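The shown structure was predicted, so the numbers you read here are calculated from the model rather than taken from an experiment. Chain A is the first sequence line, chain B the second, and so forth, proteins listed ahead of strands; every chain is numbered from 1.
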There are 2 protein chains.
Amino acid sequence: MASQAELLIRPHGRATPARRRVLEVLLGAAHAMSHAEIEAELETDVCPDRVTLYRVLDWLVSKRLAHKIAGDDRAWRFNAVAADGHGHAHFHCTRCGQVYCLSELQPAFAFSLPPGYRFDSAELTIQGLCPRCSEAA
Amino acid sequence: MASQAELLIRPHGRATPARRRVLEVLLGAAHAMSHAEIEAELETDVCPDRVTLYRVLDWLVSKRLAHKIAGDDRAWRFNAVAADGHGHAHFHCTRCGQVYCLSELQPAFAFSLPPGYRFDSAELTIQGLCPRCSEAA
DNA sequence: AATCAAATGCAACCAACTTGCACATTCGAG
DNA sequence: CTCGAATGTGCAAGTTGGTTGCATTTGATT
Ligand SMILES: [Mn+2]
Ligand SMILES: [Mn+2]
Ligand SMILES: [Zn+2]
Ligand SMILES: [Zn+2]
């Protein structure tokens, strides 16, 4: 009985323990996770090496099973790509630094690019206070 | 006769040579510049030290005379804040890595945040090919 | 001109990755 | 099931981009 992670990974390449567990962690996360956060969540025997985790994350992104966004602490935050194929906006809390995916928020951009530019994708990041920090303030 | 840069800086603090020249460079730039690009543009006598440039850039950002955006090479890109007060979107070329400010592009976001989130500002970054790279492809 | 908070220069430091290479694992062919 | 080539992992060392602490200099107010 293969896990959801394994089913997602197999069509793209080898399902190694590290890849399985990292993707599982990302799938179960409520917010975008930094390398350090993921590492902390991992069992000690899976992926005893930081470098492997970096490579696993890169691989997941390259296969579009995850995506990464730049935080203001110059570290990447990762999360699994759901069925929506990353068609969602992100919320960056300026107090706790956390990044949340706003799955339900499908913004209606109305814009046209200047001539010469070729569009590929758009990323909307909203700054403000997350529910927890908003409450505390 | 004070330069434009000096006039912008003075209300916020000391107009030092480094601050003047860096802001001048940013004001004259067509795209967001990395630390290294700015340093290359600077005369050798102004700001002989990397650290000072970092501090000048941070200061300009803290006074809202410049803003910075994270590139995918984990380096910040800076540009001067014009009269629009950074109410513009950015275009990130996935081929050359350059970041352009789309001053004329004032996107109409239509969204409402989930309950609990407090809005502060939004940043829209569009991915694709810039005119130069689009041509070359 | 004197003053002094604010800015700079230097040296060392740090975190977040990246690279190179030997060794281990996966998984499909036989 | 076994084997072996392709693929992934572990370790050590290196690089990049940015910080910190502290002594010295400097801008602008008096
Ligand atoms: Mn997301
Ligand atoms: Mn801009
Ligand atoms: Zn928060
Ligand atoms: Zn380009």
### Summary
The contact string for nucleotides 1-6 of chain C, one letter per nucleotide 5' to 3', using protein heavy atoms under 4.0 Å with B, S and - for base, sugar-phosphate only and none, comes out as ----BB
### Task
List the protein contact pattern of nucleotides 12-24 of chain D with one symbol per nucleotide (5' to 3'): B for base contact, S for sugar-phosphate-only contact, - for none; contact means a heavy-atom distance under 4.0 Å.
B----BBBBB---
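Between the CH2 atom of A/W59 and the C1' atom of D/dT9 there is a distance of 15 Å, rounded to whole Å. Separating the CG atom of B/L53 from the C1' atom of C/dA7 is a distance of 14 Å, rounded to the nearest angstrom. One atom, CZ of A/R10, and another, C1' of C/dT25, lie 13 Å apart when rounded to the nearest Å. Protein atom CD of A/E39 is 10 Å distant from nucleotide atom P of C/dA16, rounded to whole Å. Note: CG (B/D49) to P (C/dC13) measures 17 Å, nearest angstrom. In this structure, B/L60 atom CG and C/dA7 atom P are separated by 11 Å, rounded to whole Å. Atom CG in A/L57 sits about 11 Å away from atom P in C/dT18, given to the nearest Å.
No salt bridge links B/E39 with B/R50; every basic N to acidic carboxylate O contact stays at or beyond 4.0 Å.
Heavy atoms of B/R20 sit nowhere under 4.0 angstrom from any nucleic acid atom.
Panel note: side chain A/T94, backbone A/G128; a donor-acceptor pair is recorded below 3.5 Å. The backbone N or O of B/V56 lies less than 3.5 Å from no partner atom in the side chain of B/R19, so there is not a single donor-acceptor pair. In this structure, the side chain of A/R20 engages the main chain of A/A15 through a donor-acceptor pair within 3.5 Å.
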### Message
Applying side-chain contact (heavy atoms from CB on, under 4.5 Å) to B/T125 and B/I69, what does each step give before you reach the verdict?
### Response
CA-CA 10 Å; B/T125 305; B/I69 46 205; 5.9 Å; no
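Terminal axes of the helix from C/dA1-D/dT30 to C/dG30-D/dC1 (five pairs each, C1' rotation axis) are separated by 30°, to the nearest 10°.
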Sequence neighbours left out, cut at 3.5 Å: what donor-acceptor pairs do the side chains of residues 129-137 of chain B make with other protein atoms?
| from | atom 1 | to | atom 2 | distance (Å) |
| --- | --- | --- | --- | --- |
| B/S134 | OG | A/R118 | NH2 | 3.2 |

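When the side chain to side chain donor-acceptor pair (under 3.5 Å) test is applied to A/E37, the partners found at least two apart in sequence or on another chain are A/S34. Residues forming a side chain to side chain donor-acceptor pair (under 3.5 Å) with A/S62 (at least two apart in sequence, or on another chain): none. For B/D58, the side-chain contact (heavy atoms from CB on, under 4.5 Å) partners two or more places apart in sequence, or in a different chain, are B/K68. Contacts of B/F78 classified as ring-ring contact (aromatic ring centres under 6.0 Å, His included), with partners at least two apart in sequence or in another chain: none. Listed by chain and residue number, B/Y54 satisfy the ring-ring contact (aromatic ring centres under 6.0 Å, His included) test with B/H35 (two or more places apart in sequence, or in another chain). Qualifying side-chain contact (heavy atoms from CB on, under 4.5 Å) partners for B/A70, counting only residues two or more places apart in sequence or in other chains: A/A70, B/W76.
Under the 30°/60° scheme for interplanar angles, the aromatic rings of A/H12 and A/W59 are found to stand perpendicular.
Applying side chain to side chain donor-acceptor pair (under 3.5 Å) to B/R77 and the options B/H90, B/H92, B/Q98 leaves one that passes, B/Q98.
Side chain to side chain, B/N79 and B/H31 fail the donor-acceptor criterion of an N or O pair below 3.5 Å.
At least one side-chain nitrogen or oxygen of A/T16 sits closer than 4.0 Å to the OP1 or OP2 atom of D/dT9.
Of the residues in residues 91-99 of chain A, not one comes within less than 4.0 Å of DNA chain D through any heavy atom. Residues from residues 25-33 of chain A that place a heavy atom under 4.0 Å from any atom of DNA chain D: there are none.
Side-chain atoms of B/P114 and A/L102, non-hydrogen and from C-beta on, do get closer than 4.5 Å to each other.
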